[in-house]
Amino acid sequence: MSTSTVRKLDPESPSSLTGVKGRRRFVDRAMRVVVFLAFLLAVIPLFWVLWITISRGIGLVISPEWWTTSMRNVGPNDFGGGAAAAIQGTLIQAAIATAIAVPVGVLAGIYLVEYSDKPLVRPVSFMTDVLTGIPSIVSGLFIYALFITTFGFNRMGFLVALALTLLMVPVVVRGTEEMLRIVPNELREASYALGVPRYRTILKVVLPTAISGIITSVMLAVARIMGETAPLLILVGYTASLNPNPFEGEQAALPLMINVERGNPLPPGQERAWAAALTLILIVMLLNIGARIISRFSGIKK
Amino acid sequence: MTAFYPPDSEDTLVKKTSRGRFGDRAIAFFASASGVAVIATVLLVGLFLLWRAIPSILQDQVPFLTSREWNVNNPDDLRFGIVDLLWTTVLSSVMAMVLAVPVAIGIAIYITQYAPRRIARPIASAVDLLAAVPSIVYGLWGIQVLAPAIEPFGDWLSENLGWIPLFAPGLTSAGTVYSIGVVLAIMILPIITAISREVFDQTPLLHKEAALALGATHWEMVRTTVLPFGRPGVISASMLGLGRALGETMAVVIILSKPAPGSDFSASIFAGGETFASKIANNAAEFDSPEKTGAYIAAGLVLFVLTFIVNAIARWIISRRKEFTE
């Protein structure tokens with residue numbers, strides 16, 4: 001063995017070593033290029049999608065009317081229009097889904113970690129995995145079969161929110177579980193040692209420590225369900241007008257608006273479809289970035 | 001499972017003194033109730049889909065699993081089979097997986113083994129952002145921008161390898177399985193990358209140092225330590241990605257063109273078709289009679305079972321690995 005191999009002990013150092021030649025050196029260099037190309041290959045579609053959406057949709061999105069007016073009385077031939085009704089519908093449906101999914105998801109997460117001696121922990125964990133894998137169309141179909149076919153309800157925004165809840169719950173459960181697991185045990189023990197009862201320990205010590213992580217996972221879950229289209233197609237009709245009531249009548253939503261406007265081959269329709277897509281991406285990205293910022297301030301470090 | 005309260009003796013003490021407290025009982029009750037709600041919901045989804053689907057399957061005039069027919073307009077003469085849907089669903093998802101997995105492994109290796117820490121984080125975030133783009137936007141971009149761009153390569157493939165049934169020239173417009181396969185690959189890339197990254201990062205430093213000490217080049221070190229260590233994780237990540245691709249709806253609805261009713265079966269990726277999810281979504285406006293709806297619910301049920309099996313395999317691989325490493 002030559003002395004040059006000794007220098008290789010640092011795993012971070014590149015392997016441009018004097019001892020390695022020929023085919024081995026070629027393969028080593030080639031693979032460095034290959035993995036870098038793989039990364040480039042993945043970044044291309046991201047920027048491509050963003051570029052297309054921004055360049056085709058920005059014209060409408062920067063006009064104030066886009067955010068303040070609905071599509072009411074805007075014909076397929078008219079340029080302009082507004083996404084207010086769609087944004088309103090998306091926000092209402094996401095808000096209802098969040099209001100139901102967060103308490104259930106956080107409590108189920110508490111159950112999995114703080115009550116890990118209970119008999120149902122394994123089944124709950126398994127069923128959460130199953131729920132994670134349910135496709136959004138199946139979730140919509142289930143709500144349809146339950147509320148519309150069986151109970152005879154009409155199609156409405158609230159049913160969409162229920163379908164979205166099903167998609168959101170497992171994400172919140174897993175996020176809560178993960179955060180609670182990294183809360184140091186010493187905190188719980190210290191609290192018990194001071195004679196603090198279990199429920200106060202959970203509410204006043206464990207949850208506040210994990211709260212920023214839980215908020216992060218909730219925001220990511222909201223971002224995910226806002227872009228879901230499949231349940232909307234089954235469970236609610238589209239309308240051009242504002243409808244703040246999720247329990248009655250048709251209600252617009254951004255994905256539905258994209259879907260309707262993409263069916264309009266005229267330039268105004270195409271422009272509105274891309275503008276609605278840009279609006280949706282903006283909202284989702286804002287939630288994502290917000291989630292990242294909050295997770296920076298997390299009280300616990302891994 | 002780790003119990004988070006003090007060890008046994010003190011534990012019983014804490015429990016005894018606190019059992020009677022209203023707050024303790026309340027939070028234990030609500031936490032258990034939420035856990036039960038999760039279990040009940042999944043069971044309800046499965047049972048309900050079964051209950052709604054079975055009457056229609058029983059009235060089906062053709063074999064449900066093997067027929068290519070789909071005609072549910074006459075409730076007294078239901079004729080529907082899923083074999084075409086199954087083929088298109090599996091073909092497009094497997095194609096997406098075949099395309100996405102090597103790229104995802106490459107990115108994960110680059111981020112964890114090659115990139116300097118300073119730039120590894122932003123790169124990881126950029127790939128994660130791919131997951132933040134809603135699927136309907138991918139659909140819109142896929143049909144208007146990507147499909148025309150990759151069409152020449154598809155034409156070249158079908159001209160030169162057309163003798164293989166998979167690449168037989170078919171409908172060479174934009175709405176092919178080939179186009180949706182590429183779009184699905186982009187959509188599942190972030191999931192596979194994220195999990196692969198995590199497992200590659202856990203490779204014991206001692207393994208890597210040992211390989212380097214034996215004179216391995218950087219790539220030989222990756223090939224002999226990181227890849228074998230991460231293999232189960234990558235396999236299960238691929239299965240989770242496959243599960244996501246199987247159930248993807250909106251991108252498929254927008255991109256894949258529906259073949260004319262009664263057209264011949266084509267195994268080619270250059271043909272159109274319908275997946276389970278797109279079939280249901282395309283006909284959502286026509287759910288009028290319970291029999292007709294039942295046929296679509298039956299298709300949804302098969303999709304549910306399919307994704308369940310794929311996800312279960314993925315979880316099983318992960319849990320088996322945990323037993324090994326701990």
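First the proteins, then the strands, lettered A, B, ... as listed; each starts at 1.
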Checklist entry - Between Val27(A) and Glu220(B), is any pair of side-chain heavy atoms under 4.5 Å apart? => result no
Checklist entry - Under 3.5 Å, is there a donor-acceptor pair between the Thr150(A) and Arg52(B) side chains? => result yes
Item to check | Heavy-atom pair count under 4.5 Å with chain B, highest-scoring of Pro103(A), Gly105(A), Ala145(A), Ala230(A) | outcome: Ala145(A)
Next on the checklist: Could you report the tightest heavy-atom contact between Ala126(B) and Leu46(A), atom names first, then the distance?
Outcome noted: O-CD2, 3.2 Å
Item to check | Part of Ile39(B) within contact of chain A (heavy atom distance under 4.5 Å) | outcome: both
Next on the checklist: Other residues, nucleotides and ligands only: do more than 12 of their heavy atoms fall within 6.0 Å of CZ on Arg292(A)?
Outcome noted: yes
Next on the checklist: Once side-chain hydrogen bond (donor to acceptor under 3.5 Å, both in side chains) is applied, do any residues pair with Arg262(A), and if so which ones, sequence neighbours excluded?
Outcome noted: Asn259(A)
Checklist entry - Which of parallel (below 30°), tilted (30 to 60°) and perpendicular (above 60°) describes Phe308(B) and Phe126(A)? => result perpendicular
Checklist entry - Which bit of Leu37(A) comes within less than 4.5 Å of chain B, counting heavy atoms only: side chain, backbone, both or neither? => result neither
Checklist entry - With a 4.5 angstrom heavy-atom cut-off, which part of Val169(A) approaches chain B: side chain, backbone, both or neither? => result side chain
Next on the checklist: Does atom CZ (Arg315(B)) have a neighbourhood of more than 12 heavy atoms from anything else shown, all under 6.0 Å?
Outcome noted: yes
Checklist entry - Roughly how far, to the nearest 0.5 Å, is CZ of Phe30(B) from CG of Leu107(A)? => result 8.0 Å
Checklist entry - Can you find a pair of side-chain heavy atoms, one from Val145(B) and one from Trp48(A), that are under 4.5 Å apart? => result yes
Checklist entry - Do Tyr114(B) and Arg32(A) have side chains that get closer than 4.5 Å, going by heavy atoms? => result yes
Checklist entry - Is it the backbone or the side chain of Ile254(B) that comes under 4.5 Å from a heavy atom of chain A, or both, or neither? => result both
Item to check | Contact winner vs chain A - Gly46(B), Ala284(B), Pro102(B), Ala33(B), heavy-atom pairs under 4.5 Å | outcome: Ala284(B)
Item to check | Which atom of Ala277(A) lies closest to which atom of Val137(B), heavy atoms considered | outcome: CB-CG2, 3.8 Å
Item to check | Side-chain donor/acceptor of Asp24(B) to backbone N/O of Tyr199(A), under 3.5 Å | outcome: yes
Item to check | Sub-4.5 Å side-chain heavy-atom contact between Met127(A) and Leu43(B) | outcome: yes
Checklist entry - Measuring heavy-atom distances to chain B, does Thr53(A) have an atom under 4.5 Å in its side chain, in its backbone, in both, or in neither? => result side chain
Next on the checklist: If I measure from the heavy atoms of chain B, does Val49(A) come under 4.5 Å with its side chain, its backbone, both, or neither?
Outcome noted: both
Checklist entry - Do you know which of Arg155(A), Lys118(A), Met285(A), Arg200(A) has the most heavy-atom pairs under 4.5 Å to chain B? => result Met285(A)
Item to check | Spacing of CG belonging to Leu129(B) relative to CG belonging to Leu50(A), to within rounding of 0.5 Å | outcome: 8.0 Å
Checklist outcome for this item: Nearest heavy-atom contact between Arg24(A) and Ala216(B) is NH2-CA, 4.0 Å
Next on the checklist: For Glu248(B), which atoms come within 4.5 Å of any heavy atom of chain A: side chain, backbone, both, or neither?
Outcome noted: neither
Checklist entry - Under 4.5 Å between any side-chain heavy atoms of Leu120(A) and Val36(B), yes or no? => result yes
Item to check | Tyr144(A) side-chain N/O to Ile297(B) backbone N/O, donor-acceptor pair under 3.5 Å | outcome: no
Item to check | Where Ala108(A) and Gly35(B) come nearest, the two heavy atoms and their spacing | outcome: CB-N, 4.2 Å
Next on the checklist: Restricting to non-hydrogen atoms, name the atom on Val138(A) and the atom on Gly300(B) that form the minimum distance, rounded to 0.1 Å.
Outcome noted: CG2-O, 3.7 Å
Checklist entry - Should the heavy atoms of other residues, nucleotides or ligands under 6.0 Å from CZ of Arg197(B) be counted, would the total exceed 12? => result yes
Item to check | Point-to-point distance, once rounded to the nearest 0.5 Å, from CD1 of Ile27(B) to CG of Leu203(A) | outcome: 4.0 Å
Item to check | Pro45(A) side chain near Trp141(B) side chain, heavy-atom distance below 4.5 Å | outcome: yes
Item to check | Worked verdict on Tyr110(B) versus Leu40(A) for side chain to side chain contact (heavy atoms under 4.5 Å, CB included) | outcome: CA-CA 11 Å; Tyr110(B) 179 71; Leu40(A) 278 189; over 6 Å; no
Checklist entry - Does Phe142(A) reach the side chain of Leu44(B), with side-chain heavy atoms less than 4.5 Å apart? => result yes
Next on the checklist: Using only non-hydrogen atoms and a strict under-4.5 angstrom cutoff, which residues of residues 222-229 of chain A touch chain B?
Outcome noted: Arg224(A), Gly227(A), Thr229(A)
Item to check | Test side chain to side chain contact (heavy atoms under 4.5 Å, CB included) applied to Phe287(B) and Thr149(A), step by step | outcome: CA-CA 9 Å; Phe287(B) 292 176; Thr149(A) 317; over 6 Å; no
Item to check | Contact origin within Ser125(B) toward chain A - heavy atom pairs under 4.5 Å | outcome: both
Next on the checklist: Please classify the contact between Ala245(B) and chain A as side chain, backbone, both or neither, with a heavy-atom cut-off of under 4.5 Å.
Outcome noted: neither
Checklist entry - Checking Ile52(A) against chain B: side chain, backbone, both or neither under 4.5 Å from a heavy atom? => result side chain
Checklist entry - At a heavy-atom separation under 4.5 Å, does Ile143(A) approach chain B through its side chain, its backbone, both, or neither? => result neither
Next on the checklist: Under the criterion side chain to side chain contact (heavy atoms under 4.5 Å, CB included), I'd like the reasoning laid out for Ile280(B) against Ile234(A): C-alpha separation, chi angles, the key distance, then a yes or no.
Outcome noted: CA-CA 9 Å; Ile280(B) 299 166; Ile234(A) 307 181; 4.2 Å; yes
Item to check | Derivation and outcome, side chain to side chain contact (heavy atoms under 4.5 Å, CB included), residues Tyr111(A) and Ser32(B) | outcome: CA-CA 6 Å; Tyr111(A) 182 78; Ser32(B) 314; 3.5 Å; yes
Item to check | Residue that, paired with Val42(B), satisfies side chain to side chain contact (heavy atoms under 4.5 Å, CB included) out of Val124(A), Leu131(A), Asp129(A) | outcome: Leu131(A)
Next on the checklist: Is Arg244(B) close to chain A through its backbone or its side chain, or both, or neither, when contacts mean heavy atoms under 4.5 Å?
Outcome noted: side chain
Item to check | Interchain contact, Ala100(B) with chain A, by part (heavy-atom threshold 4.5 Å) | outcome: neither
Item to check | Heavy-atom side-chain proximity of Ser136(A) to Thr249(B) below 4.5 angstrom | outcome: yes
Checklist entry - So what's closer than 4.5 Å to chain A heavy atoms on Leu140(B): side chain, backbone, both or neither? => result both
Item to check | Nearest-0.5 Å distance, OG1 of residue Thr293(B) to CG of residue Leu141(A) | outcome: 9.0 Å
Checklist entry - What distance do Ile123(B) atom CD1 and Phe39(A) atom CZ have between them, rounded to the nearest 0.5 Å? => result 4.0 Å
Checklist outcome for this item: Okay, Leu220(A) and chain B: the region with an atom under 4.5 Å from a heavy atom over there is neither
Checklist outcome for this item: Closest heavy-atom pair, Val284(A) versus Pro134(B), reported as atoms and distance to 0.1 Å, is CG2-CG, 4.5 Å
